[in-house]
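These figures come from a predicted structure and were not determined experimentally.
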Amino acid sequence: MIKILILLKESSNYGDYGSITKIKTKTGLYNSARLVVNSLNNVDGLESELMTCIDGNDIDNKITKFKPNICIIEAIWVSPSKLIELNKRHPTVKFIIRVHSKIPFLAMEGAAIGMIKDYVKIPNVEVSFNNHATAKDVKKIGIPNAYLPNIYEEVFDFCSVNKIDKSERNRSGIYNIGCFGAIRPLKNQLNQAVAALMFAEEHNATINFYVNSARTEQGGESVLKNLRSLFKDTKHTLVEIGWLDRNDFLELLSTMDISMQVSLTESFNIVSADSVFVGVPVVISNEIDWLKKGISDPNDCESMAKEIKTALNYRNLFVIQNLISLKRYNVKSKNEWIEKMFKLGINESE
């Protein structure tokens, strides 16, 4: 049996996970790791567990408790010096630092590249990226790494297409548009809000534009301030919600007419996967490379507004084709993980 331990930090720049009792449904990073664990535990010969750490010192406790062959640390939060120490204490464990960001996002984390370069010099430590293009680009400049993509919920058929009847609301010219996720400049929320208002003006419609105002990061406070100003004194509404438990979020998401994720950079984007899963058409940028329908230019509000109209007119086509894309992505992702885990596990046990 190959044992895989996946670790998160309880409080970090990747989200305030809160207490261990509350972490389970609160953050995208946690849900991402949870979905990987669920998937791997359905594979014969693999056993995985997800734990949270107070800090780098707590990693030793978790490894001692679980005794893994492979320890995967989600995101960049452990110092290279701590990894050197852990490597000496647990010489049979293979460590993987799994990065969830593309290069433009890493550029805003001042120590990221330096830490990645230090990680790969440590014996039994490997870096991985959840985005294939980023993994390839970084490898081409001499930084060895692996590709370990996101895994989503099992999508067996099209039963997850939501059945909510939006016809009565839409006949009144009212549209719910979700632009969920942490508010950051690279998430491009202000451009998307302008595009939604352009669509509304063209079609004499009213927009309820939903955002998660409880999470502002990397200058997101300025973005939120501008969003509030944009909707002030209009007939449209900026609907600010907190960071919801996963089931509550999926329920709210299913009431949207459109989900917008036209980001300037994305490595996966779990909100888009959630939208597809609950049967809501998405308007996205080509940064979300595993989806085929709803793509628009993140720097062109008119392009986004036109794509909103197209997605509404061809809702079922968008949902079904994107569900197919999500299913195909999942199959490939699971195969990547299984191959990598068995390769590492077998090597470690020899």
Side-chain angles (χ1 to χ4, degrees), residues 11-19 21-32 34 152-153 160 162 164 166 169-170 172 174-197 199-200 205-263 266 268-284 288 294 304 308 311-312:
S11 295
S12 75
N13 292 333
Y14 292 82
D16 182 7
Y17 305 122
S19 69
T21 58
K22 294 181 179 179
I23 183 174
K24 294 187 177 179
T25 57
K26 283 292 187 183
T27 69
L29 188 62
Y30 186 91
N31 285 322
S32 171
R34 176 185 60 82
Y152 192 68
E153 308 276 6
S160 60
N162 77 69
I164 294 174
K166 302 182 177 69
R169 184 173 72 239
N170 294 164
S172 302
I174 301 172
Y175 294 88
N176 289 341
I177 297 181
C179 193
F180 296 107
I183 297 181
R184 311 184 188 107
L186 289 175
K187 284 289 189 178
N188 205 32
Q189 281 103 341
L190 186 59
N191 248 6
Q192 294 175 79
V194 170
L197 294 181
F199 166 81
T206 301
I207 296 297
N208 297 319
F209 193 81
Y210 286 73
V211 297
N212 291 112
S213 60
R215 285 275 300 276
T216 55
E217 300 170 0
Q218 297 178 324
E221 297 83 2
S222 297
V223 177
L224 181 58
K225 182 178 179 180
N226 279 302
L227 284 170
R228 289 167 174 165
S229 296
L230 182 67
F231 282 88
K232 185 180 179 181
D233 300 326
T234 72
K235 67 177 182 179
H236 311 288
T237 303
L238 178 67
V239 183
E240 300 182 30
I241 65 167
W243 204 255
L244 302 177
D245 287 342
R246 179 162 173 75
N247 289 339
D248 292 337
F249 174 68
L250 291 176
E251 182 176 350
L252 174 64
L253 183 60
S254 69
T255 68
M256 297 296 111
D257 297 286
I258 293 289
S259 176
M260 298 189 74
Q261 293 290 302
V262 196
S263 306
E266 287 291 349
F268 173 69
N269 194 277
I270 197 168
V271 174
S272 289
D274 287 340
S275 302
V276 172
F277 186 67
V278 299
V280 172
V282 294
V283 175
I284 58 173
I288 304 172
M304 287 185 252
I308 292 172
L312 288 169

[X] side, atom [atom1]; [Y] side, atom [atom2] - distance, nearest 0.5 Å:
X    : Y    : atom1 : atom2 : result
L312 : I308 : CG    : CD1   : 7.5 Å
N208 : Y175 : CG    : OH    : 12.5 Å
I270 : R246 : CD1   : CZ    : 5.5 Å
M256 : I258 : CE    : CD1   : 11.0 Å
L197 : H236 : CG    : NE2   : 5.0 Å

**OP:** Among I284, V280, V283, find the residue that satisfies the side-chain contact (heavy atoms from CB on, under 4.5 Å) test when tested with S272.
**Re:**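 Among I284, V280, V283, the one meeting side-chain contact (heavy atoms from CB on, under 4.5 Å) with S272 is I284.
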
Original post:
Taking F180 as the fixed residue, which of L252, D274, L244 is the one that meets the side-chain contact (heavy atoms from CB on, under 4.5 Å) rule?
Top reply: L252

Return the minimal non-hydrogen interatomic distance between [X] and [Y], and the atom names on each side.
X    : Y    : answer
F268 : A273 : CZ-CB, 3.9 Å
A196 : I207 : O-CG1, 3.8 Å
I183 : S213 : CD1-CA, 4.0 Å
S259 : S275 : OG-OG, 2.8 Å

**OP:** Taking salt bridge (charged side-chain N to carboxylate O under 4.0 Å, His left out) as the test, write out the residues that go with E221, two or more places apart.
**Re:**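 Partners of E221 under the salt bridge (charged side-chain N to carboxylate O under 4.0 Å, His left out) test: none.
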
Original post:
Hey, mind stepping through L253 and F277 against side-chain contact (heavy atoms from CB on, under 4.5 Å) and telling me if it holds?
Top reply: CA-CA 10 Å; L253 183 60; F277 186 67; over 6 Å; no

Determine whether a donor-acceptor pair (N or O, by modelled atom type, separation under 3.5 Å) exists between the side chain of [X] and the backbone of [Y].
X    : Y    : value
S229 : K225 : yes
T237 : V239 : no
D257 : N176 : yes
Q261 : G181 : no
N188 : V262 : yes

Qualifying residues under side chain to side chain contact (heavy atoms under 4.5 Å, CB included), relative to [X], sequence neighbours excluded:
X    : result
L238 : F209, V211, L227, R228, F231, E240
Q218 : F105, M108, E109, R184
N226 : L190

Subject >> salt bridge (charged side-chain N to carboxylate O under 4.0 Å, His left out): pairs with one or both residues in residues 230-239, sequence neighbours excluded >> reply: none

Subject >> side chain to side chain donor-acceptor pair (under 3.5 Å) partners for Q189, two or more places apart >> reply: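 For Q189 there are no side chain to side chain donor-acceptor pair (under 3.5 Å) partners, ignoring immediate neighbours.
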
Subject >> Minimum side-chain heavy-atom gap K187-N269 below 4.5 Å >> reply: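 Touching, per the 4.5 Å side-chain cut-off.
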
